[in-house]
Amino acid sequence: KHPIRLLGIYLSYDVEKAMKLNYDDKIDKLKLQLHWWKSRGLTLTGKILIIKALGLSKFSLLASLSHTPDYYINCVNSYLYEFLWNGKTDRVRRCKIKQDYANGGLRMLDMSDVVTASQTMWVKRYLDTVSRDWKIFFEHYCKIKNLGLYLRSNFSITDLPDTIPSYYKECIQSWEKVKCKNNDQFGLQTSIWYNKDVQIDNRSIYNDNLFTCGIWTFSDLYENSALVPFNTWINRGAKVGDHLLWRSLVKLSQKPEIKRHLSNDIYNIGYICVNRKLISIDSLNESLVKDVIRMNSNYYLKNKPCKAMRRYEEMYTQTIDWKNVFLLSQKCGNDNFNRDVQYKILNRIIATNKLLHQIGVLASPTCNFCNLYSQDIEHMFFNCYEIKNFWFSVAHLWNSLNTNNVTCKFVPCSYSITFGCMLTLSSCVDLNCVILYGKEFIYVSRKNEVLPTLSMFKNFMTEKCKMRKDNDTKEVLLSFIE
């Protein structure tokens, strides 16, 4: 009648009461911790680190051992994203901010990702070779012959019985998301058993006798382009009653979409696709699973690019090398606040006077520096004539350096200021550092209502160079300052 606590988790016949004991206290502690960190003025990268280290870590054990209702997943996610965006609505799509840096994300994770990763690793533990008592219960409720083969195949979740416990079903669904969806990019899998693309009477098939005697893929039915007689399979252990199924498989192998793969058969049972590479299930870990989850959401972004990317491409009427643009701050090795400013510019979420006027914070959208025109992102960082004078003075100083290390010429324009210098010269890394620091300096100057000047920028960069660890770039930047 009363809930008991076992291995840190409450168990009870009253499921609702057990869920409240397991989650409510942890969610209250999460809200309190996020409230403590909210006033620290953290960057987006810093907030994501807090979310991963102090927020989501509380729920990893629960997610790996018990069913997690959607209500609690949505509840935790709402607190996490409220903390990330300071209580405002999401400024960047969640599926984008979860992406790797090269795809325009910040490697964010939320509760649904933790649940999927934990449940996927639970299935992976089932597939190891160690004998465990709990595996017997899993096999009993799944009612699938050769469950290990089923989970390694291109299976369909509809093959499971309706009576399977909700946690087991969720684990298999998470495993299907991670394994089956990503292996599609390797083409049609020609494995036969439990393959949702190979069906008879609208059901995937499995025969223990034919599997044991060596028929795993359609190419196993042939030898030197000739059909292997059924008597050969009988000698290897098949039964006479399996002849009808064998004939059905031979007929299926004649389909054009399967026949063209016979000479180059893809048998990826026991492997999973991560970053377009096949990785053995035995070497799978939680970090790789999270990479697959990011890759799944990236498929959606490829079909529907974000609004900011479309806006920039329409503005400059050319295709932009977004991967190098997104990695620019990483390659330059700048601090988190600098990366934060660049990320907000690329996603067009930086607080300009035009935006603040639209939401009623400022009475006028006029630029702080020139007091003439409305201040949008392009005006704030280049089009303002005061900012143009600043950039031309920076460019004159950079181009006048007569050191061997400086060979990349700086020609200020709206495109180069926004996206950096995309040339492959090594010295362009140093120039991009100057451009990124320049944008941060303009952002800080606007916030402090001070007109940016070259002398103030030199002092600003002197302080920034003290935090740098890469001596080569630091030496060039110091020579630029001096």
Side-chain angles (χ1 to χ4, degrees), residues 7-9 19 22-23 26-27 30 47-81 83-84 93-101 103 105-128 132 134-135 138 151-152 155 157 165-184 270-301:
L7 298 177
I9 294 180
M19 288 295 173
N22 283 326
Y23 284 96
K26 287 181 171 58
I27 290 176
L30 171 68
K47 289 179 180 179
I48 290 173
L49 180 62
I50 295 299
I51 286 172
K52 292 178 180 178
L54 301 180
L56 294 174
S57 58
K58 302 178 186 298
F59 303 96
S60 296
L61 179 64
L62 267 175
S64 64
L65 293 178
S66 66
H67 163 65
T68 305
D70 291 339
Y71 169 77
Y72 289 109
I73 293 176
N74 296 331
C75 183
V76 171
N77 284 346
S78 66
Y79 292 126
L80 297 182
Y81 286 103
F83 169 70
L84 183 64
R93 276 191 291 182
R94 294 183 181 184
C95 60
K96 182 179 180 182
I97 203 169
K98 290 180 183 181
Q99 294 304 306
D100 206 345
Y101 301 117
N103 295 320
L106 293 176
R107 298 181 67 85
M108 169 70 177
L109 290 175
D110 59 26
M111 186 63 179
S112 58
D113 301 326
V114 170
V115 171
T116 300
S118 299
Q119 292 175 345
T120 300
M121 292 306 297
W122 188 90
V123 175
K124 190 253 181 182
R125 285 194 292 274
Y126 169 79
L127 293 174
D128 63 27
R132 308 177 194 272
W134 56 266
K135 292 183 179 181
F138 186 42
L151 294 172
R152 287 182 169 90
F155 64 90
I157 199 75
S166 59
Y167 178 69
Y168 289 160
K169 187 173 183 178
E170 287 176 4
C171 288
I172 297 176
Q173 285 174 334
S174 297
W175 180 256
E176 183 188 29
K177 289 179 187 176
V178 171
K179 183 184 186 302
C180 299
K181 288 187 178 181
N182 289 281
N183 287 357
D184 291 343
Y271 291 86
I272 193 168
C273 172
V274 182
N275 294 328
R276 302 192 66 84
K277 296 179 181 178
L278 285 179
I279 304 295
S280 171
I281 287 176
D282 296 332
S283 61
L284 191 66
N285 56 47
E286 196 162 345
S287 177
L288 290 174
V289 171
K290 291 172 182 176
D291 286 341
V292 173
I293 295 171
R294 292 189 184 97
M295 191 164 57
N296 281 342
S297 57
N298 191 38
Y299 292 153
Y300 171 78
L301 288 175

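When a residue number appears, it is its place in the shown sequence, counting from 1. Only heavy atoms go into these numbers, but all of them, side chains included; no hydrogens, no water, no symmetry mates. The structure presented is a predicted model; accordingly, all values stated were derived computationally and were not measured.
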- F155 vs I172, side chain to side chain contact (heavy atoms under 4.5 Å, CB included): CA-CA, chis, key distance, verdict: CA-CA 10 Å; F155 64 90; I172 297 176; 3.7 Å; yes

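- Listed by chain and number, the residues in a side chain to side chain donor-acceptor pair (under 3.5 Å) with Y81 are D110 (sequence neighbours excluded).
- For the pair T68 and F59, the minimum side-chain heavy-atom distance is 4.5 Å or more.
- Listed here is the closest heavy atom pair of H67 and M19: O-CE, 3.1 Å.
- With sequence neighbours excluded, no residue satisfies side chain to side chain donor-acceptor pair (under 3.5 Å) with N285.
- Between atom CD of residue Q99 and atom CD1 of residue I293 there is a gap of 11.5 Å, rounded to the nearest 0.5 Å.
- Under the side-chain contact (heavy atoms from CB on, under 4.5 Å) criterion, L65 pairs with I9, L61, sequence neighbours left out.
- Separating the CH2 atom in W175 from the CG atom in L151 is a distance of 7.5 Å, to the nearest 0.5 Å.
- Remark: K26 pairs with no residue by the side chain to side chain donor-acceptor pair (under 3.5 Å) rule, at least two apart or across chains.
- With sequence neighbours excluded, the residues satisfying side-chain contact (heavy atoms from CB on, under 4.5 Å) with K52 are I48, R107, L109, R294.
- In this structure, CG in L80 is found 12.0 Å from CD1 in I50, a value given to the nearest 0.5 Å.
- Y72 places none of its side-chain heavy atoms less than 4.5 Å from the side chain of N22.
- In terms of the side-chain contact (heavy atoms from CB on, under 4.5 Å) criterion, residue partners of S174 (sequence neighbours excluded) are, by chain and number, T116, Q119, T120.
- Scored by the ring pair (Phe, Tyr, Trp, His ring centres under 6.0 Å) test, Y126 finds F138 as partners (sequence neighbours excluded).
- Sorted pairs that involve residues 53-65 and meet salt bridge (Lys or Arg N to Asp or Glu O under 4.0 Å), not counting sequence neighbours, are lacking altogether.
- With rounding to the nearest 0.5 Å, the separation of CD1 in I51 from CE in M108 is 3.5 Å.
- Listed by chain and residue number, I157, K169, E170 satisfy the side-chain contact (heavy atoms from CB on, under 4.5 Å) test with Q173 (two or more places apart in sequence, or in another chain).
- R94 pairs by the side chain to side chain donor-acceptor pair (under 3.5 Å) definition with D90, not counting sequence neighbours.
- Across all non-hydrogen atoms, the minimal contact from A63 to V114 is CB-O, 4.4 Å.
- Using a 4.5 Å cut-off on side-chain heavy atoms (C-beta onward), D113 and K290 make no contact.
- In terms of heavy atoms, A53 sits closest to S57 at O-OG, 2.7 Å.
- Contact detail for Y23 and P69: the closest heavy-atom pair is CE1-CD, 4.4 Å.
- One N or O on the side chain of Y167 and one on the backbone of S64 form a donor-acceptor pair closer than 3.5 Å.
- The CG atom of L106 lies 10.0 Å from the CG atom of D100; values are rounded to the nearest 0.5 Å.
- By the 30° and 60° cut-offs, the orientation of the rings of W122 relative to W134 is tilted.
- In this structure, I27 CD1 and M111 CE are separated by 7.5 Å, a value rounded to the nearest 0.5 Å.
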